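The structure under discussion appears below in the form of structure tokens.
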Amino acid sequence: MTPKKIEIMDTTLRDGEQTSGVSFSASEKLTIAKLLLEELKVDRIEIASARVSEGEFQAVLSVTNWAKENNYLDKVEVLTFVDKGVSINWMLEAGAKVQNLLTKGSLNHLTYQLKKTPNQHFTEISETISLAKEKGIETNIYLEDWSNGMRNSKDYVFEFLAFLETQPVKRIMLPDTLGVLTPNESYEFVKEIKDTYPNLHFDFHAHNDYDLGVANVMAALNAGADGLHLTINGMGERAGNAPMASTIAVINDFMPNIKIAVNEKVLYTVSKLVENFSGIMIPANKPIIGANVFTQTAGIHADGDNKKNLYFSDLMPERFGRTRKYALGKASGKANIQKNLQELGLQLNDEDLKKVTQRIIELGDKKEVVTKEDLPYIISDVLDSYSYEEKVKVNSYVLTHAKGLKPSTTVSISINGETYEEISQGDGQFDAFMNALRSIYITKKKVLPDLIDYAVRIPPGSHSDALCETIITWKSTEKEFKTRGLDSDQTVSAIKATEKMLNIITS
Ligand SMILES: CC(=O)SCCNC(=O)CCNC(=O)[C@H](O)C(C)(C)COP(=O)(O)OP(=O)(O)OC[C@H]1O[C@@H](n2cnc3c(N)ncnc32)[C@H](O)[C@@H]1OP(=O)(O)O
């Protein structure tokens, strides 16, 4: 059977913008509109509700100006109201050519919100459609609250459809306005309508109030829906709409009878752009586009992938312009680390690999986030620590830093098994720590080497919670040498580097 081509209408810029707290600027709307039509290749976009504001008018104007020059005008839609042509004039002035006329799809909404009878409503709709036609505007019709209409006033819905069949309407849009449908109902309702009007075009518009958006979309497609309304990142009023990314993956992987034009490869790019412009962060576990969804954490999974990609599925990250990652933390085994080493082009022998694995597990236990970029630092720190015998140990210390007071420290260290304690002050916390050590070593008639360089760096791309490497260059009468320390706290990493220096100079 030849697959059926269905239309994907993106409504991020209209329904998606109804996410509480979101307002796109004109230039943001234009940037998103271009990406949706040119790169993601959705069939149509809905970019605004008419009459909203001057800013919205300017945003529509900027999109329609661009769309006109690039032959996309028939793909750019504006939601309008049954308001004696006020919305039509608004969208005409803003250069739009397709109206999505919002009408009442349930008797409840018609009776209690518009306070009209069906005949009054149909007459006004007919007048609005005629006016639009006169002005060269194409009409699609939303049957708002259609899902409840099918449950509670089915006769009204079918009376409405019989009326619409006589009208110059291109598409009829069936919204589950409150996201209350189950997949079974979505299938039954769409099937009943499509069986009655096989030649009319029906879009299905899902909301995600029960997290059933994608499931309902699948059911509606199986029942014969001709188009879908989706939003990037599932944005939209309340719990949002059916999300673009997972819906597209579901169609491509599970519905061979359905054909779509959307380009999976740019889904992630578009999602990140919308995240950025909207300020609504994508949850880390959001399918396809979340930060963690292609990251294997468990050592056993990494091991299986090392042996035969046993934990792969059809949902390959490369399809969406992403890559698989192997997390480093307390659930890591050698396999996770090997996967990350491979990416960095590094190799370790079995013994060193075990030591590095152990250190990463320890860091994970301390809730520290370890990234691939941290690995070279951890490796050099771990392997460095094993190159000398531990004769000096920093047992404990208190460092104080208070505004207006000199930093001070209390330090306890063991040298060859004997414990020493000292209190000291300094120009900074580390200086106070070093002064305490100097006092301890004076009692042993030993002078500590001079600190001649102190360098701090964090792995590339890290943030303030990153591991921090401190490399200190020391100079004694006999030699100049470097030691390094690694920790998420800068002073602690310097103290670790100092502890190594003490071990090197202590015989
Ligand atoms: C499918 C959906 O998500 S629906 C969302 C549609 N988009 C929006 O609502 C966002 C943009 N809306 C707005 O900017 C404003 O609500 C406006 C400009 C449309 C109207 O603003 P106001 O005149 O201040 O009215 P208000 O918002 O208080 O109430 C809505 C009015 O629209 C009427 N209305 C509701 N549905 C429709 C409809 N399909 N067609 C025409 N009027 C409608 C209501 O009956 C009410 O009219 P009333 O004040 O005479 O009782």
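What you see is a predicted model; the values in this text were computed from it and never measured. In each ligand, atom 1 is the first atom listed, and ligand 1 is the first ligand listed. As a basis for the values below, the full set of heavy atoms in this structure was taken, side chains included, without hydrogen atoms, waters or symmetry mates.
Within a 6.0 Å radius of OH in Y210, no more than 12 heavy atoms belonging to other residues, nucleotides or ligands are found.
The pair K330-E362 fails the salt-bridge criterion, with no side-chain N (NZ, NE, NH1 or NH2) lying under 4.0 Å from an Asp/Glu carboxylate O.
Counting heavy atoms under 4.0 Å from ligand 1, residue T177 does not touch it at all. When heavy-atom distances to ligand 1 are checked against a 4.0 Å cut-off, L102 comes that close through both its backbone and its side chain. Counting heavy atoms closer than 4.0 Å to ligand 1, residue K104 contributes side-chain atoms (C-beta onward) but none from N, CA, C or O.
Taken to the nearest 0.5 Å, the CG atom of L36 stands 12.5 Å off from the CD atom of E46. Distance check, rounded to the nearest 0.5 Å: CG of L344 to CG of L341 gives 6.5 Å. A distance of 11.0 Å separates CD of E144 from CG of N148, quoted to the nearest 0.5 Å.
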> K68 and D74: salt bridge (charged side-chain N to carboxylate O under 4.0 Å, His left out), yes or no, with the steps?
Replying inline: CA-CA 9 Å; K68 197 170 174 187; D74 61 336; over 6 Å; no

> What's the verdict on side-chain contact (heavy atoms from CB on, under 4.5 Å) for V42 and M9, showing C-alpha distance, side-chain angles and the deciding distance?
Replying inline: CA-CA 6 Å; V42 298; M9 192 274 259; over 6 Å; no

>> salt bridge (charged side-chain N to carboxylate O under 4.0 Å, His left out), that's the test. Do D226 and K4 meet it? Break it down for me.
In response: CA-CA 8 Å; D226 306 286; K4 172 179 166 182; 3.1 Å; yes

> Could you go step by step and tell me if N233 and I280 meet the side-chain contact (heavy atoms from CB on, under 4.5 Å) rule?
Replying inline: CA-CA 9 Å; N233 303 344; I280 303 290; over 6 Å; no

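Against a heavy-atom cut-off of under 4.0 Å, L114 is close to the following atoms of ligand 1: 34 (N), 35 (C), 36 (N), 37 (C), 42 (N), 43 (C), 45 (O). Within ligand 1, counting atoms from 1 as listed, the ones closer than 4.0 Å to a heavy atom of V52 are 11 (C), 14 (O). Close approach to L79 involves these atoms of ligand 1, each under 4.0 Å from a residue heavy atom: 6 (C).
Distances from atom 17 (C) of ligand 1 to the protein include no heavy-atom value under 4.0 Å. The nearest protein heavy atom to atom 50 (O) of ligand 1 is not closer than 4.0 Å. At a distance under 4.0 Å, a protein heavy atom can be found next to atom 11 (C) of ligand 1. For atom 34 (N) of ligand 1, the nearest protein heavy atom lies under 4.0 Å away. Per-atom contact check: atom 37 (C) of ligand 1 touches the protein, criterion being a heavy-atom distance below 4.0 Å. Inside a 4.0 Å radius of atom 47 (O) of ligand 1 there is not any protein heavy atom.
Scanning all protein heavy atoms for the shortest distance to atom 41 (C) of ligand 1 gives V82 O, 3.3 Å. Scanning the protein for heavy atoms near atom 44 (C) of ligand 1, the closest one is Q113 CG, 4.1 Å. For atom 7 (N) of ligand 1, the nearest protein heavy atom (residue, atom name, distance) is S49 OG, 3.1 Å.
Ring centroids of F122 and F163 are separated by less than 6.0 Å, placing the two rings close together.
Not a single heavy atom of D83 sits less than 4.0 Å from an atom of ligand 1. Ligand 1 is never approached by H205 to a heavy-atom distance shorter than 4.0 Å.
Of all heavy-atom pairs spanning F204 and A225, the tightest one is CB-CB, 4.2 Å.
A side-chain donor-acceptor contact under 3.5 Å links D15 and H205.
Between H109, E237, R14, it is R14 that holds the heavy atom closest to atom 2 (C) of ligand 1. The residue from E144, Q18, H229, R51 that puts a heavy atom closest to atom 20 (C) of ligand 1 is R51.
Annotation: T103 places no N or O atom under 3.5 Å from an N or O atom of ligand 1; distance criterion only.
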